[in-house]
Every structure is written in C-alpha cells, then in structure tokens.
Number of protein chains: 2
Amino acid sequence: MLLAVDCIIFGFDGQDLKLLLIQRGFQPRKGEWSLVGGFVQPDESADAAAARILKKLSGLDGIYMEQLHTFSHPQRDTVERTVSVAYTALIDLQKFKQHLHEDFHAVWFPINQHPELIFDHQLMVNKAKEQLRYKAALHPLLLELMPSKFTIPQLQQLYESVYNSEFDKGNFSRKILSTKLLVKLADKDKLNSKKGAFYYRIDRKRYDANKQAFLNFVPDPKI
Amino acid sequence: MLLAVDCIIFGFDGQDLKLLLIQRGFQPRKGEWSLVGGFVQPDESADAAAARILKKLSGLDGIYMEQLHTFSHPQRDTVERTVSVAYTALIDLQKFKQHLHEDFHAVWFPINQHPELIFDHQLMVNKAKEQLRYKAALHPLLLELMPSKFTIPQLQQLYESVYNSEFDKGNFSRKILSTKLLVKLADKDKLNSKKGAFYYRIDRKRYDANKQAFLNFVPDPKI
DNA sequence: GCAAAAGTGTTTCACATACACCCATGT
DNA sequence: ACATGGGTGTATGTGAAACACTTTTGC
C-alpha cells in the first residue's frame, strides 16, 4: 500500500479566492489537473511530506498548513491502492507567485471555476472549502491569506468571497478591530478609493496567542 | 507499509465520562493497554474498517463515529511502519455494556484515570478529548452519549464532566430546551431527587437536521 | 416542617445588527 | 461640487449570565 499527501492550497490575490492546481507531467493521466501532492517517504511523517512538498513548490517556510482528512477508499486510485492524507494550506498569493517552482506546472484558478480533477480530488476540495468556512467563522484564520500590509476593506472582500455574501462594512470593521489582532499603520492604500483606507498588519504575538480562541466573525444569516 | 485504525471510544454512565481500552492479548506488548483498533483490509476503506471493528466489539450499528486525525510518524509503531487513522466514537454506555464482545478484553476507565497506553495512543486520546470539547461547545454532539431516556440534570452532569466545571442549572436547562431537540416525556426520574426530574428523549428528526448548526452550549469562562 | 433538588422568573449587561451619517479626496 | 468608498455614531433587539425564588416530594 502506498501513502500519499495532497494539498488543497488556497490563495487570495486581493480580489478572489484561488486554488492552486498542477497539470500532471507524468503518466497516468498526464495532462489532467490535480492537487499538489506526492508520496510520503519511508523516513518521514505525512505532515513532514506535506511540508516538504509545499516548500519545494513555493520556496517558503512557515506557511499555514493543517491536516484535513484521510481518504482511503480502496479504488480511489485506479493504478495501485494509495491512501492519501489531505492537507489544507493558506498562503498569501503575492509572496507565493514570485517563487513558484516551474517543474510543477502550477496554476491558480478561481475557487469556483477550475478544471475537472482526477481521482477523488474534487471531494477533497469540497471538504476543504467546507472546513475553511467552518473554521473561519470562529477563528481569525483568514488573516493567513493576507499580505503583510492590507486594508480592512480588502480583508472584508476575502470574507465575502469565502462566504459568497456581503457584510456591513461598519460592523465588519468593528468586529475585526475588536479582536485587537491588527496594528494600524501610518499609510493608506489609495488605489481602491479616493479617501484611501489605512493599512494594517497582523500583531503576530497576539495572533499566535489568540488564534484558537472562539471569535465570531461571520454574521448570522437571518432567515 | 501497514494501515490501521484506532478508535477512541467515549461512553457515559450517568456519572462520569469513560474511555474504552483493551488489554492486548497478543505480542508485541501483550498485557499492555491500548485503544481498540485493527488493520484496514485490502478491500475496505479506513471508515469501513473502523465501523467493522466497532460492530464486532459492540454488536451495535449506527454508532456515532468520526475520523479524528491520521498519525503517521515513521517510528510510531516499534515493529513495522504503520500509519493509523484515528476515529472518535460516542456511545451510550448502558446499551454497549450488555454486548461487549469478550474476545477484546475491553474495560471502561474514567477519562482521567486510565493506565498508560502503548505507542502514541495517549496522543490520540488527548486529541480526541480536545476535539470533543471543541465540538460539543458548538454542536449538540453529547446527546449521542445519552441513553434513550434521560433527564436534563443528567445531561448537565455530562457537560460538566466534559468541561470539568459547573454550570448554572437554570441557564443550562433553558439553553438545551431552546434548541427544541428534546421531547419531554410523561414520567420522572426519582432516584436522584425527591421532586424528580422529567425524562426527555431526543427528537431524532430535528436532531439530524440541526446537528451541524452552530449552537452555543458552553458558557464563556469569564477571566 | 424541613431538606434537597428541579425548575422558573427576573434583572442586568454585552454585543450584534441595521442603518444613518460624516469624512477625505480625486476628478 | 460631487461622487465614491472609508469610517463612525447610535438606536434597537436578542440573548447569555447571575441569582433569587418557587415547586415538589421523601423523610
């Protein structure tokens, strides 16, 4: 039996939530699209394999990554029985873009508009999206997707694209700021409005201390 | 490489939260304590293997079970490399007790007072407890542990033993009842008090429809 | 009658929502 | 000046928490 990892890698470019896919350069199913993945080596854990693969792809360390679920249907891989441990990764797309390892033929797709995937990878993506929505409603997780400097309206756009709905800007801003997880910077982003919106950065210390605390980020849908 | 499943089985006897462990009847480490587990067969998924093992042990179908996490450290099993997919199961201890399959040498231990476990099973238990606390704060999950007839104070005892703290009985009762997940029965339990507490049962229809809704079961600790 | 646990009532407070309004600035 | 998006102020309502109180029953 083979053990593999597959990574559902989410990125945000300031507009839309994206998903990183690779076009397989090898058989079987060469040319088709799949998640970034690879086999777990005899001397490493699945966690280590996922970290290794992400590092090779991006050149970056310290990317947010979390085990999602293990997929083990006996016929999930058509060639040989392979169990796959799926991981979700969240990364700031700007940083990533510059370093994408070319060997992978990796492409960012809008989250709701990507090619068909091989094996059970679509199941994995669905589960990852579901879990992202779940977690982001309770934890300040989506900050992991933001660049080092960002505005509150940009962050709101990310939330709105994750939840496919619109939030009140005033309430959103207050809620985010009430966590005290952000530090206001002196300068403004003037690209998206005339008035300009202040930049913020994550207060890493507070963020690391509070990220697993329950915080209510998403408004209740009034039915 | 071998693929195994291990089950963290929680039970509630009306007083304390318990954990089911087995004394190994085979080498290696015969006589030591471990979680209930087994190997995944070539023609089954990990989910199916966990369900099969639990069924064999208990004789029961339809027990609540959920994949917890996959443990894959290369040296986690001292004999041969074995990756284990861990599952959490919640079951009504009264039902279970009667049917425990004797081959397993299974014993219920109080959750905070059990023997040392082999391999990384203690890690699994810790993670399962953590996840149980997390989920039960948001979902009516702990109802899975209750017998077919139970009182609100009994349920409160379960919550209190999961969270190691005491809740206000009035607020607890209102909160649970506000979910509309319980149906009041005509008779009372008079063993635990003179006045007696009404029995309730789960409204299965509503429960199945609402179990993944966000509900706030656990009072915020005021620091 | 009294003790003990079940269950109800009530006050208080925090906070989410909705939405009106003001602010800063590029054109 | 005015349109545009950023940001603040504020009224309203809901619901959690705290805790006093009533109810029921066995002894």
Side-chain angles (χ1 to χ4, degrees), chain A residues 14-15 136-140 146 149-161 163 165-201 210 213-223, chain B residues 14-15 136-140 146 149-160 163 165-200 210 213-223:
Chain A
Q15 292 291 125
L138 299 168
H139 305 284
M146 302 306 287
K149 261 169 81 173
F150 59 91
T151 68
I152 306 285
Q154 276 167 24
L155 182 61
Q156 184 172 345
Q157 274 199 52
L158 171 57
Y159 273 85
E160 292 183 338
S161 76
Y163 291 97
S165 62
E166 299 192 352
F167 302 157
D168 180 278
K169 61 187 167 159
N171 295 336
F172 182 82
S173 160
R174 262 189 299 262
K175 197 179 281 192
I176 293 293
L177 262 13
S178 77
T179 66
K180 315 252 187 191
L181 259 32
L182 300 186
V183 181
K184 192 175 192 168
L185 303 180
D187 50 338
K188 282 182 165 185
D189 162 49
K190 297 233 180 166
L191 296 171
N192 297 301
S193 75
K194 290 160 187 169
K195 182 177 175 181
F198 278 103
Y199 281 117
Y200 288 80
R201 63 169 177 80
N210 288 14
F214 284 58
L215 302 158
N216 227 13
F217 286 108
V218 178
D220 299 338
K222 300 285 168 187
I223 305 160
Chain B
Q15 292 291 124
L138 299 168
H139 306 284
M146 302 307 287
K149 261 169 83 171
F150 59 90
T151 66
I152 306 286
Q154 275 168 25
L155 182 60
Q156 183 173 345
Q157 273 199 50
L158 172 57
Y159 272 87
E160 291 181 346
Y163 291 99
S165 62
E166 299 191 352
F167 302 158
D168 179 278
K169 62 187 166 159
N171 295 335
F172 182 83
S173 161
R174 261 189 300 262
K175 198 178 280 192
I176 293 293
L177 262 15
S178 76
T179 65
K180 316 249 186 192
L181 261 31
L182 299 187
V183 180
K184 192 175 190 167
L185 303 179
D187 51 337
K188 282 183 165 186
D189 162 49
K190 295 232 180 169
L191 295 171
N192 298 300
S193 75
K194 291 159 187 171
K195 181 176 175 182
F198 278 103
Y199 281 116
Y200 288 80
N210 289 18
F214 283 59
L215 302 159
N216 226 14
F217 286 108
V218 178
D220 300 337
K222 300 283 169 189
I223 305 159

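Small disclaimer: the values here were computed from a predicted structure and weren't measured. Side-chain atoms are counted along with the backbone in the values below, which use heavy atoms only and exclude waters and symmetry mates. We name chains A, B, ... by the order of the sequence lines, and we start the count at 1 in each one.
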Specify the separation, in whole Å, of atom CZ of A:Phe172 and atom C1' of C:dA18.
17 Å
Five-pair end axes of the helix from C:dG1-D:dC27 to C:dT27-D:dA1 and the angle they enclose, rounded to 10°
20°
May I have the step-by-step check of side-chain contact (heavy atoms from CB on, under 4.5 Å) for B:Leu138 and A:Leu138, ending in yes or no?
CA-CA 10 Å; B:Leu138 299 168; A:Leu138 299 168; 3.4 Å; yes
Can you measure B:Ile152 atom CD1 to C:dG7 atom C1' for me and round it to whole angstrom units?
10 Å
Between CD of A:Gln156 and P of D:dG7 the distance, given in whole Å, is 10 Å
Under a 4.0 Å heavy-atom cut-off, which of residues 191-198 of chain A touch DNA chain D?
A:Asn192, A:Ser193, A:Lys194, A:Lys195, A:Gly196, A:Ala197, A:Phe198
Whole angstrom value for the distance that separates C1' of D:dG7 from NZ of A:Lys175:
17 Å
Expressed as a whole number of angstroms, how long is the span from B:Ile176:CD1 to D:dA16:P?
12 Å
Do the side chains of B:Gln156 and B:Ile176 get nearer than 4.5 Å, heavy atoms only?
no
Testing the basics here: between A:Lys190 and A:Lys195, what is the closest heavy-atom pair and its distance to 0.1 Å?
CE-O, 4.1 Å
Any idea how A:Tyr163 and A:Phe167 line up, ring-wise: parallel (<30°), tilted (30 to 60°), or perpendicular (>60°)?
tilted
Rounded to the nearest Å, what distance is computed from the CG atom of residue B:Asp168 to the C1' atom of nucleotide C:dA6?
12 Å
Closest non-hydrogen contact found for A:Ala197 with A:Thr151 is O-CG2, 3.6 Å
Mind checking whether B:Tyr159 and B:Phe172 have parallel, tilted or perpendicular rings, split at 30° and 60°?
perpendicular
Nucleotide D:dT14, atom C1' - distance to CG of B:Leu215 in whole Å
16 Å
In this structure, how many angstroms lie between the P atom of D:dT23 and the NZ atom of B:Lys188, rounded?
13 Å
For B:Lys169, which contact category applies under a 4.0 Å heavy-atom criterion: base, sugar-phosphate, or nothing?
base
Within-4.5 Å side-chain heavy-atom neighbours: B:Leu182 and B:Phe198:
no
Test for a donor-acceptor pair under 3.5 Å between the base of C:dA16 and the side chain of A:Asn216, counting only N and O atoms.
no
Looking at A:Arg174 and D:dG7, is any side-chain donor or acceptor paired with a base atom of the opposite kind under 3.5 Å?
no
Hey, does A:Lys180 have a side-chain heavy atom less than 4.5 Å from the side chain of A:Asn210?
no
Look at atom CD of B:Glu160 and say whether more than 12 heavy atoms of other residues, nucleotides or ligands are closer to it than 6.0 Å.
yes
